[in-house]
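Every number for a ligand or one of its atoms is a count from 1 in the order of the listing.
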Amino acid sequence: MLISAEVDSLILERAYAKINLTLDVLFKRSDGYHEVDMVMQSIDLSDTLWLEPLDADRVEIDSAASHIPLDGRNLAAIAAQVFRRRLGIRRGVRIYIDKQVPVAAGLGGGSADAAAVLRGLNRLWQTGLSVAELAAMGAEIGSDVPFCVAGGCAVATGRGELLQPVMHPFRPYVVLVRPAVHVSTSEVYGALTPADYSPVRHSTTMLDALASGSVDAVDAAVYNGLAPCTFQRYPGVAAMQRRVAQISQRPVHMSGSGPTLYCLLPNRNAALRLYNAIRGFTRDVYVARFVMPG
Ligand code: ATP
């Protein structure tokens with residue numbers, strides 16, 4: 001049983017997964033990164049992080065989840081170290097991660113955890129940093145971390161760290177399927193050729209579609225410039241896409257570099273019907289909804 005003072009100092013943060021509604025790779029930059037243009041959207045599939053102050057000057061990390069490192073390589077631990085170093089803080093923290101977002105899925109789970117730690121430490125140690133300051137700190141940890149600091153919907157450019165928030169009223173359901181295939185993000189980016197680069201930014205059409213609130217319009221505007229490369233290199237992902245398309249009779253999209261695939265559904269009943277149909281052949285299926293945190 002925790003005494004009340006301890007309860008007061010425990011911080012809870014939710015780390016929402018994201019999907020890519022659009023992902024254009026524009027060109028390869030001289031620093032080796034690819035210049036991208038993406039519409040990112042938070043969904044309410046989330047990890048929960050607990051942050052507890054430690055008397056000792058160290059960062060501890062714990063989770064019941066397998067498949068994530070429980071040491072200084074965890075993105076949550078890296079975020080805590082960056083935060084402490086940047087602010088010259090010598091206090092410690094223990095971080096517990098209740099992992100619900102599938103790992104290495106193209107859903108940004110690790111980036112979301114890192115962003116949740118930045119927000120949580122800002123509260124725990126009352127450092128008063130703005131969202132923009134936390135996002136700038138997040139760019140040091142990973143390209144998707146700045147988006148995950150505020151979440152919601154945004155157009156992300158640069159290597160993903162330059163954000164233009166988007167407000168829209170569209171709250172569809174999302175059914176996500178994770179094929180049992182390990183996709184290497186760096187391998188997919190590394191295999192791109194100029195033929196894969198987008199001559200246009202699909203984000204422009206997507207913003208109009210989101211404002212319309214129509215699932216069909218958004219489905220038609222979804223674009224992922226990494227999908228051909230992932231489907232070609234990982235036939236298991238392409239096979240799952242065909243299977244889900246056959247069952248759902250709907251467009252099936254891929255998030256990030258994959259392997260997670262998703263369908264947009266207009267209401268909960270339609271989402272649950274599709275969820276149950278897919279559960280007939282895989283357990284790695286999830287129902288979520290677009291969310292605008294805060
Ligand atoms: P990316 O496309 O950046 O690889 P992703 O969304 O596909 O991200 P993540 O779930 O973020 O996948 O995991 C990417 C890698 O980061 C995995 O190899 C995982 O072991 C490692 N990792 C480190 N910390 C975490 C964490 N807190 N949660 C998830 N993965 C983590």
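- In D55, the CG atom is not crowded: 12 or fewer heavy atoms of neighbouring residues, nucleotides or ligands sit closer than 6.0 Å.
- Residues satisfying the side-chain contact (heavy atoms from CB on, under 4.5 Å) criterion with A56, sequence neighbours excluded, are R58.
- No side-chain heavy atom of E133 sits under 4.5 Å from any side-chain heavy atom of N122.
- When the side-chain contact (heavy atoms from CB on, under 4.5 Å) test is applied to I89, the partners found at least two apart in sequence or on another chain are F83, R84, L87, R91, W125, T127.
- Using a 4.5 Å cut-off on side-chain heavy atoms (C-beta onward), F147 and S42 make contact.
- With sequence neighbours excluded, no residue satisfies side-chain contact (heavy atoms from CB on, under 4.5 Å) with A136.
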List, pair by pair, the atoms of ligand 1 and of the protein that are both N or O and lie under 3.5 Å apart, giving the separation rounded to 0.1 Å.
residue: ligand 1; atom: 2 (O); partner: T185; partner atom: OG1; Å: 3.0
residue: ligand 1; atom: 4 (O); partner: T185; partner atom: OG1; Å: 3.4
residue: ligand 1; atom: 6 (O); partner: L107; partner atom: N; Å: 3.3
residue: ligand 1; atom: 6 (O); partner: G108; partner atom: N; Å: 2.6
residue: ligand 1; atom: 7 (O); partner: A105; partner atom: N; Å: 3.4
residue: ligand 1; atom: 7 (O); partner: G106; partner atom: N; Å: 2.8
residue: ligand 1; atom: 10 (O); partner: A104; partner atom: N; Å: 2.9
residue: ligand 1; atom: 11 (O); partner: G110; partner atom: N; Å: 2.8
residue: ligand 1; atom: 12 (O); partner: A104; partner atom: N; Å: 3.3
residue: ligand 1; atom: 20 (O); partner: H67; partner atom: O; Å: 3.4
residue: ligand 1; atom: 24 (N); partner: L75; partner atom: N; Å: 2.9
residue: ligand 1; atom: 27 (N); partner: N74; partner atom: OD1; Å: 2.9
residue: ligand 1; atom: 27 (N); partner: D113; partner atom: OD2; Å: 2.9
residue: ligand 1; atom: 28 (N); partner: K99; partner atom: NZ; Å: 2.9
residue: ligand 1; atom: 28 (N); partner: D113; partner atom: OD2; Å: 3.4

